[in-house]
Amino acid sequence: TYSQKGQHVRANDVATDGADNVFVIGTESSRALLFVHKYDSNGNLDMGFAGDGSQWLRPATGTYQEVFATPADGGSLLVASSAFIGGIQQVTLSKITSAGIIDTSFGSSGHVITSFASHHVLKALHRAEDGTIFLCGHADEGGTYKPFIARYGSDGTPDPGFGTDGFIQLNQFAGNYTTEGLLITAEGAIRIAGSVASYPGGQGFPQAFLLGLDADGLPESGFGELGLSVPPLLFRGEALSGTFGVAGAVAMADGRIVLGGYDYPRGSDGDVFLLRFDATGVLDTGFGLDGKAVLDLETGTDWNGWNDRIYAMLTIDGDRLVCAGAAGGSEFHKPALVTMSLADLSFLDHMILSGLSGAAAAPTADPNQDGIPNMLSVAFGIDPLTGEGRELRYPGSVLSEDGTEGELRFTVQVSPPSDLTYIVRQSCDLSEWIEIARRVGPGPWTGTGTVETLSESNGLREVLVVGSGTDPCGYFRVEVMLKE
């Protein structure tokens, strides 16, 4: 659906309320005005909203850039923007009632203007359940970019207990920061995501960052290094570099955080990357390869700069990831939607996170021609493209010292695909095989055999399976099955 209101407009954001209504927010062509259109669940303009379905805002005289919106109490809407006011990029915040009227009880006549002496680019707006409002972005201090976070009460008043007059700028971290995402945990802690250039140790390449602040806006003890996590971005030994950007971050139900973006490390062939962090800012090595995944949305070399990108991320119930963006084809971009479970990854999810798709991602496919099909590579924690780890992680059996028990050692993923099943069988004579252990996905081992964990690191777990019997039964086999 579209609306024609006599103005050229540019949509920047979309928001929904609890009644399935949709708000579209943006700027008109000259960027001197902000607009809000409200649609009902059928895509029709709600004529009860501001009289004709549209509200036009001018918090101050200026030109507006980034625009964000989020629902507030009683069906009302918060609208925030970066605006060039007097030649300086400032931050504005406005509130509109469910009827489309500017709420004059909010701030000053419905608007809050946060003024600065230098450019401040707004990148995120968040409203907590208690009504507290957060604005986040980065400040341009003469070509040096630093993250900032501002906190307001539900009435738009800057929170005097937060930083200086409700504002904190994080100048203590080295590098130039471009902020793209803001998360507030259930405990009120703050997480800011984006990319950083000129970071010490970054070897000249842009890096992704995740910043952890406590509820008072101070760097959180125990999160990353002094509150900042900047992991080295190497994927299969190759640096993520070149044209680089972070699209945002989402929180899982268990507190882990997934950060997503795009990178063009191989000439013009650009891919999407995902990083997953635990609650302390450490890369979750049970995700992808060492916590990192590269997704090739369109296989083959992209042409003339048509690269894979994602622009928006969200989670469904905190355990399913949805990314929207564009896939670079042979001649042009195509709309792309990626969705996967973050809680229980399937075999196909593991293939996607390994950069494989189509026929190359089939369970029986062997993309690197090392004799190990994808299903076994995933089962034993072997990289399906490089074969890394195959010498160390395949099963091997020995007899116990007294010769009465057989033992089997092998490596599995800590969080294997939810649709993958391991079955360990034991034999004394190679003719009769008895099942002694079984594991379905990331669940526990069951059966008459004893399964012990010998070591665990980088998302992999070395296990020891012990069988018993009066005779030395030292023959074992491991079966791997994929649920259809």
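Model, not experiment: these values are computed from the prediction.
At a threshold of 4.0 Å, the pair Arg58-Glu28 does not count as salt-bridged, since none of the basic side-chain nitrogens sits closer than that to a carboxylate oxygen. Looking at Glu66 and Lys123, a side-chain N of the basic residue comes within less than 4.0 Å of a carboxylate O on the acidic one, giving a salt bridge. Taking a cutoff of 4.0 Å between a charged side-chain nitrogen and a carboxylate oxygen, Asp419 and Lys483 do not qualify as a salt bridge.
A donor-acceptor distance shorter than 3.5 angstrom exists from the side chain of His120 to the backbone of Ser118, with no hydrogens or angles considered. Remark: side-chain polar atoms of Asn176 are not paired, donor with acceptor, to backbone N or O of Ser198 under 3.5 angstrom. Of the possible polar contacts, none joining the Ser98 side chain to the Gly75 backbone as a donor-acceptor pair under 3.5 Å is found. Under a 3.5 Å cut-off, the side chain of Thr315 and the backbone N or O of Asp319 do not form any donor-acceptor pair. In this structure, Thr16 contributes its side chain and Asp20 its backbone to no donor-acceptor pair below 3.5 Å. Without hydrogens or angle criteria, Asp214 side chain to Asp216 main chain gives a donor-acceptor distance under 3.5 Å.
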>> Using side chain to side chain contact (heavy atoms under 4.5 Å, CB included), reason through Val338 and Ile310 one step at a time and then give a plain yes or no.
In response: CA-CA 9 Å; Val338 178; Ile310 57 172; 5.5 Å; no
>> Checking His37 against Ser54 for the side chain to side chain donor-acceptor pair (under 3.5 Å) test, could you report, in this order, the C-alpha distance in whole Å, the side-chain angles of both residues, the deciding distance, and whether it holds?
In response: CA-CA 5 Å; His37 295 337; Ser54 303; 2.7 Å; yes
>> Quick one, Ser346 with Asp349, criterion side chain to side chain donor-acceptor pair (under 3.5 Å). Give me CA distance, side-chain angles, the key distance, then yes/no.
In response: CA-CA 5 Å; Ser346 68; Asp349 291 333; 3.2 Å; yes
>> Evaluate Thr339 against Arg320 for side chain to side chain donor-acceptor pair (under 3.5 Å), listing each step before the verdict.
In response: CA-CA 7 Å; Thr339 177; Arg320 188 157 194 85; 3.2 Å; yes
> Are Arg127 and Thr132 close enough, and set up right, to give a side chain to side chain contact (heavy atoms under 4.5 Å, CB included), and what steps lead you there?
Replying inline: CA-CA 6 Å; Arg127 179 182 180 272; Thr132 303; over 6 Å; no
>> Walk me through whether Gln413 and His350 qualify under side chain to side chain contact (heavy atoms under 4.5 Å, CB included).
In response: CA-CA 11 Å; Gln413 294 202 44; His350 277 264; 3.4 Å; yes
> Could you walk me through whether Val91 and Phe148 pass the side chain to side chain contact (heavy atoms under 4.5 Å, CB included) check?
Replying inline: CA-CA 12 Å; Val91 175; Phe148 75 81; 4.2 Å; yes
>> Quick one, Asp52 with Lys38, criterion salt bridge (Lys or Arg N to Asp or Glu O under 4.0 Å). Give me CA distance, side-chain angles, the key distance, then yes/no.
In response: CA-CA 9 Å; Asp52 62 357; Lys38 183 179 180 182; over 6 Å; no
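The two residues Ser105 and Asp103 make their nearest non-hydrogen contact at OG-OD1, 2.6 Å. The two residues Ile85 and Gln90 come nearest to each other via the heavy atoms CB-CG, 4.0 Å. Residues Gly260 and Leu274 share a closest heavy-atom pair of CA-CD2, 3.9 Å. Minimum interatomic distance between Phe347 and Val378 (heavy atoms only, all atoms of both residues): CE1-CG2, 3.9 Å. The minimum heavy-atom distance linking Ser109 with Ile102 is given by the pair O-CG2, 3.7 Å. Summarising the geometry of Asn42 relative to Asp40, their closest heavy-atom pair is N-OD1, 2.9 Å, with the distance given to 0.1 Å.
Atom CG of Leu183 is separated from atom CG of Leu210 by 8.0 Å, given to the nearest 0.5 angstrom. Annotation: the span from Leu125 atom CG to Asp13 atom CG amounts to 8.5 Å, rounded to 0.5 Å. The CG atom of Leu321 lies 9.0 Å from the CD1 atom of Ile316; values are rounded to the nearest 0.5 Å. Here the CG atom belonging to Leu34 is positioned 5.5 Å from the OH atom belonging to Tyr64, to the nearest 0.5 angstrom. Residue Thr179 holds its OG1 atom at 10.0 Å from CG of Leu122, rounded to the nearest 0.5 Å. Between atom CZ of residue Phe68 and atom CG of residue Asn12 there is a gap of 7.5 Å, rounded to the nearest 0.5 Å.
Residues Val112 and Tyr152 meet the side-chain proximity criterion, which asks for heavy atoms closer than 4.5 Å. Residues Val36 and Val24 have side chains not in contact (no heavy-atom distance under 4.5 Å, counting atoms from C-beta outward). With contacts defined as side-chain heavy-atom distances shorter than 4.5 Å, the pair Ile96/Leu57 qualifies. The closest side-chain heavy-atom distance from Ile133 to Leu93 is below 4.5 Å. Inter-residue side-chain proximity for Val121 and Gln65 is flagged as unmet; no heavy-atom pair is nearer than 4.5 Å. Taking 4.5 Å as the limit, some side-chain heavy atom of Ile192 sits within range of a side-chain heavy atom of Phe209. No side-chain heavy atom of Cys136 sits less than 4.5 Å from a side-chain heavy atom of His126. A heavy-atom distance below 4.5 Å is not found between the side chains of Phe35 and Gln55.
Under the 6.0 Å distance and 45° angle rule, Arg191 counts as a cation-pi partner of Phe223.
Here the two rings, on Tyr199 and Phe173, have centers that are 6.0 Å apart or farther. Less than 6.0 angstrom separates the ring centroid of His119 from the ring centroid of Phe84. Not less than 6.0 angstrom separates the ring centroid of Phe273 from the ring centroid of Tyr262.
No hydrogens or angles considered: a donor-acceptor pair under 3.5 Å links the side chains of His111 and Ser94. Between the side chains of Ser195 and Tyr177, no donor N or O sits under 3.5 Å from an acceptor N or O.
Residues satisfying the salt bridge (Lys or Arg N to Asp or Glu O under 4.0 Å) criterion with Asp278, sequence neighbours excluded, are absent altogether.
Below 30°, between 30° and 60°, or above 60°: for Phe162 and Phe134 the angle between ring planes is above 60°, a perpendicular geometry.
Within a 6.0 Å sphere centred on CD of Gln172, other residues, nucleotides and ligands contribute more than 12 heavy atoms. The environment of CG in Asp130 is crowded: more than 12 heavy-atom neighbours from other residues, nucleotides or ligands sit within 6.0 Å.
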